[in-house]
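Have a look at the structure below before the remarks.
Note that ligands are numbered from 1 as they come in the structure, with each ligand's atoms numbered from 1 the same way.
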Amino acid sequence: MHKHKGAMVQKKALITGVAGQDGAYLARFLLDKGYEVHGLVRWDSYVAKRDGLRRLNLLEVLGPYFSIHYGDVSDAHNIASVIKSTKPDEIYNLAALSHVQVSFDVPASSFDINAHGILNILEAVRCLDMEERVRIYQASSSEMFGKVPAPQNEMSAMQPCSPYGVSKLAGYHLARLYRESYGLWVCNGILFNHESPLRGEDFVTHKVTRYVAELEHGYQKPLSLGNLEAIRDWGDARDYVRGMWMMMQAEEPDDFVLASGQALSVRAFVDAAFSSLGYQIEWRGSGLDELGVDAETGNVLVKIDEAFYRPLELDHLLGDASKAKDILAWKPEIGFEQMLRDMIEHDRKIISLEGNGDG
Ligand code: G4F
């Protein structure tokens with residue numbers, strides 16, 4: 001049960017993309033700090049209340065200090081009118097088309113949401129003469145680094161290798177440009193991969209943990225995956241939303257990397273997830289013919305499907321978050337093992353609820 005500080009409300013926040021993993025955790029975090037929170041959700045999430053607002057329900061966000069506004073950051077009129085009516089002190093722009101592979105299929109939509117979205121927010125704040133009172137957080141991404149060698153930090157070059165990465169890089173530069181040219185208080189959080197029980201199931205970590213949790217109910221068909229060699233720096237979303245808020249409380253607006261500082265390949269993640277429930281994978285074959293086999297039973301647990309390969313892959317992300325540690329005193333508190341445990345535990349609960357017809 002969460003308690004709000006009620007009469008002590010001092011700040012108002014607007015979170016775009018509030019129905020996503022980070023949006024839901026951030027809303028919960030800010031409510032616990034005594035904020036009044038306004039959340040922007042797209043119409044499809046709003047009407048499909050049961051699924052679309054699932055995360056907000058799980059975290060008990062829906063309540064007297066939280067209001068939903070439906071709209072879209074890519075609609076300049078809509079976002080300006082929401083900013084005008086809610087008069088936020090802090091805007092967290094988390095709305096995104098966030099799936100890298102999907103961005104290859106719908107590059108223009110990625111650009112509309114990820115680049116035009118922040119432009120619309122910046123212009124709205126400027127045209128409404130709200131520069132003096134509003135702080136803006138832009139959700140930038142480690143995907144912007146693309147092919148540059150690891151480890152990456154705020155000084156690294158950026159050579160994105162997906163439409164998603166390019167659109168996020170445009171958003172990053174727009175935020176920086178409005179800060180430098182118009183004096184808007186805007187910071188970029190350059191976040192490396194961050195996972196949690198609320199991660200979408202089409203991202204590789206949750207796809208794997210869900211499959212592993214389902215295995216307890218009997219073996220079905222193998223899990224299909226793409227490139228197992230990519231290396232990612234996987235942190236926990238709950239630590240990262242705290243970091244977003246810390247950036248917004250800093251004296252000066254600036255850009256910060258948030259990362260765990262430890263990287264694993266997708267293959268190593270798969271091994272760790274299976275072994276946490278006692279399965280040992282033996283990898284046999286290579287390339288598209290490679291199989292992950294249960295060492296004990298011989299059942300094929302993992303196979304490779306070309307459909308999950310991307311036209312261009314980002315090979316190695318490893319973040320250096322020294323700047324956030326030095327200036328904001330931010331450091332991650334949830335380690336990889338705990339994150340993995342929490343994800344699998346959550347999936348087990350959801351599967352058993354679904355089995356009871358409550359899912
Ligand atoms: O889980 P992913 O889809 O995350 P990705 O592409 O790294 O992007 C995530 O992190 C970014 C930060 O760096 C965010 F900006 C972005 O919004 C998102 O949150 O894929 C991770 C890796 C990739 O190399 C992918 O090729 O896993 C590989 N992979 C292998 N098989 C797969 C699969 N990815 C997915 N989604 N599904 C697979 O079956």
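At least one side-chain heavy atom of Phe269 sits less than 4.5 Å from a side-chain heavy atom of Thr209. With contacts defined as side-chain heavy-atom distances shorter than 4.5 Å, the pair Asp202/Gln101 does not qualify.
Here the heavy atom of the protein found nearest to atom 8 (O) of ligand 1 is Val100 CG2, 3.6 Å. Considering only non-hydrogen protein atoms, atom 36 (N) of ligand 1 sits nearest to Asp202 O, 2.9 Å. Protein heavy atom in closest approach to atom 39 (O) of ligand 1: Lys207 NZ, 2.7 Å. Annotation: atom 30 (C) of ligand 1 to nearest protein heavy atom, Asn227 O, 3.2 Å. In terms of protein heavy atoms, atom 13 (O) of ligand 1 is closest to Ser142 OG, 2.5 Å. What sits closest to atom 5 (P) of ligand 1 on the protein, heavy atoms only, is Asn193 ND2, 3.7 Å.
Taking any N or O of Thr205, backbone or side chain, none lies under 3.5 Å from an N or O belonging to ligand 1. Not one N or O of Leu314 is nearer than 3.5 Å to an N or O of ligand 1, by distance alone. In terms of polar-atom proximity, defined here as any N/O pair under 3.5 Å, Gly226 does make such a contact with ligand 1. Looking at ligand 1, you'll find an N or O of Arg310 within less than 3.5 Å of one of its N or O atoms.
Looking at every heavy atom in both residues, Leu174 comes nearest to Ala115 through CD1-O, 3.8 Å.
By heavy-atom distance, the residue among Gly200, Ser162, Ser141 lying nearest atom 11 (C) of ligand 1 is Ser141. When the heavy-atom distances from atom 34 (N) of ligand 1 to Asp22, Val302, Val204, Val102 are ranked, the shortest goes to Val204.
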Which pairs would a plain distance check flag for residues 331-345, meaning a side-chain donor or acceptor within less than 3.5 Å of a matching protein atom at least two apart in sequence or in another chain?
from	atom 1	to	atom 2	distance (Å)
Asp342	OD2	Arg238	NH1	3.3
Asp342	OD2	Arg238	NH2	3.0
Glu345	OE2	Arg348	NH1	2.8

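Between Arg267 and Glu229 a salt bridge is recorded (basic side-chain N to carboxylate O distance below 4.0 Å). By the 4.0 Å N-to-carboxylate-O rule, Glu354 lies close enough to Arg210 to be salt-bridged with it. Ion pairing between a basic and an acidic side chain is recognised when a charged N comes within 4.0 Å of a carboxylate O; Glu214 and Lys221 show no such pairing. Ionic pairing of Asp89 and Arg133 is present here: one or more N-O contacts between side-chain nitrogen and carboxylate oxygen are shorter than 4.0 angstrom.
Near Arg199, meaning under 4.0 Å from any of its heavy atoms, are these atoms of ligand 1: 9 (C), 18 (C), 19 (O). Close approach to Ala230 involves these atoms of ligand 1, each under 4.0 Å from a residue heavy atom: 24 (O). Applying the 4.0 Å criterion to heavy atoms of Tyr164 picks out, from ligand 1, the atoms 14 (C), 15 (F), 16 (C), 17 (O). Near Ser98, the atoms of ligand 1 lying under 4.0 angstrom from a non-hydrogen atom of the residue are 16 (C), 17 (O), 18 (C). Close approach of ligand 1 to Leu317 (heavy-atom distance below 4.0 Å) involves ligand atoms 13 (O). Every atom of ligand 1 is numbered from 1 in the order shown, and the set under 4.0 Å from a heavy atom of Glu313 is 23 (C), 24 (O), 25 (C), 26 (O). The atoms of ligand 1 that sit less than 4.0 Å from any heavy atom of Val266 are 22 (C), 27 (O), 28 (C). Ligand-side atoms of ligand 1 in range of Glu143: 13 (O), range being under 4.0 angstrom from any heavy atom.
Relative orientation of the His99 and Phe203 rings is tilted, given thresholds of 30° and 60° on the angle between their planes. The aromatic rings of Phe274 and Tyr279 sit perpendicular, their planes meeting at an angle over 60°, well past the 30° parallel limit.
No donor-acceptor pair under 3.5 Å is formed between the side chain of Arg126 and the backbone N or O of Glu131. A donor-acceptor contact shorter than 3.5 Å links the side chain of Lys168 to the backbone of Ala139.
At a 4.0 Å cut-off, at least one heavy atom of His99 sits close enough to ligand 1 to count as contact. Look at Arg232 and you'll find a heavy atom under 4.0 Å from some atom of ligand 1.
Lys11 forms no cation-pi arrangement with Tyr35, by the criterion of a distance under 6.0 Å to the ring centre and an angle within 45° of the ring axis.
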